[in-house]
Amino acid sequence: MCVTPGCATVDTAITAEPGTEFALALGKTATINGTGTRLTFRQVSDDSRCPVDVQCVWAGDAKIGLTISRSASSDDEKILSLTPPNSETTSGDLRIRFVGLAPAPRSTEDRAQRKYVAHLVVTRG
């Protein structure tokens, strides 16, 4: 534990391989290996998914905000939804697909207390 002034905590770097699903916690950044691109999971702008302990007539949806940073261009802000066709976007030569959001909601749980993790897949072309 760090108790002296100026002592910094070190986050574990997240490096994702193109074509492989990876998990990205809210507020964290992943580097996409071999692309010079970084993805930051900025926010959950909507989470209307049906709680797992309730029976719903509609599955609901979730929307997340990502910042895509590339070394040779300005940052790109994107909103992705779990519901196709809005679950995919492109940035340069990369395709980014939002495939899941954890944890699954519960009716007794306050949304503000959830420790969100987005599941993403990034591919070239």
Under a single-linkage definition using a 4.5 Å side-chain heavy-atom cutoff for Ile, Leu, Val, Met, Phe, Trp and Tyr, are Val122 and Leu26 assigned to the same hydrophobic cluster? yes

Could you check whether any side-chain heavy atom of Leu66 comes within less than 4.5 Å of a side-chain heavy atom of Leu120, counting everything from C-beta outward? yes

Test of understanding: with side-chain hydrogen bond (donor to acceptor under 3.5 Å, both in side chains), list the residues that count as partners of Thr15, not counting sequence neighbours. none

Using the salt bridge (Lys or Arg N to Asp or Glu O under 4.0 Å) criterion, which residues pair with Arg38? Sequence neighbours excluded. none

Taking all non-hydrogen atoms of both residues into account, name the closest pair between Ile14 and Ala23 and its distance. CG2-O, 4.5 Å

Correct closest heavy-atom pair for Val52 and Ala104 would be CG1-CB, 3.4 Å

Indicate the atoms forming the closest heavy-atom contact of Arg111 with Ser45, along with that distance. NH2-C, 3.8 Å

Do you know which two heavy atoms are closest between Tyr116 and Phe41, and how far apart they sit? O-CE2, 4.0 Å

Distance-only, no hydrogens or angles: does the Arg49 side chain make a donor-acceptor pair with backbone N or O of Leu101 under 3.5 Å? yes

Residue pair Lys78, Ile96: steps toward the side-chain contact (heavy atoms from CB on, under 4.5 Å) verdict: CA-CA 10 Å; Lys78 300 285 187 173; Ile96 301 149; over 6 Å; no

Heavy-atom distance under 4.5 Å between the side chains of Leu80 and Glu88, does that happen here? no

Applying side-chain hydrogen bond (donor to acceptor under 3.5 Å, both in side chains), can you list everything that pairs with Glu77, at least two apart in sequence or on another chain? Arg42, Thr67

How many angstroms lie between CZ in Phe98 and CD1 in Ile64, if you round to the nearest 0.5 Å? 4.0 Å

Drop me the distance from Arg95's CZ to Thr123's OG1, to the nearest 0.5 angstrom. 6.5 Å

Under a 4.5 Å cut-off applied to non-hydrogen side-chain atoms, are Phe22 and Leu39 in contact? yes

So, do Pro105 and Ser48 sit near enough that their side-chain heavy atoms are less than 4.5 Å apart? no

Under 4.5 Å side-chain heavy-atom separation, chaining through any Ile, Leu, Val, Met, Phe, Trp or Tyr, what else clusters with Val99? Say none if it is isolated. Val121

Non-hydrogen atoms of Ile32 and Pro18 that approach each other most closely: CG2-CG, 4.0 Å

Any chance you could measure Leu94, atom CG, to Arg124, atom CZ, to the nearest 0.5 Å? 6.5 Å

Can you pull the salt bridge (charged side-chain N to carboxylate O under 4.0 Å, His left out) pairs that have at least one residue in residues 52-75, sequence neighbours excluded? Arg70-Asp93

By the rule that ILVMFWY residues connect when side-chain heavy atoms come within less than 4.5 angstrom, directly or transitively, which residues belong alongside Val54? none

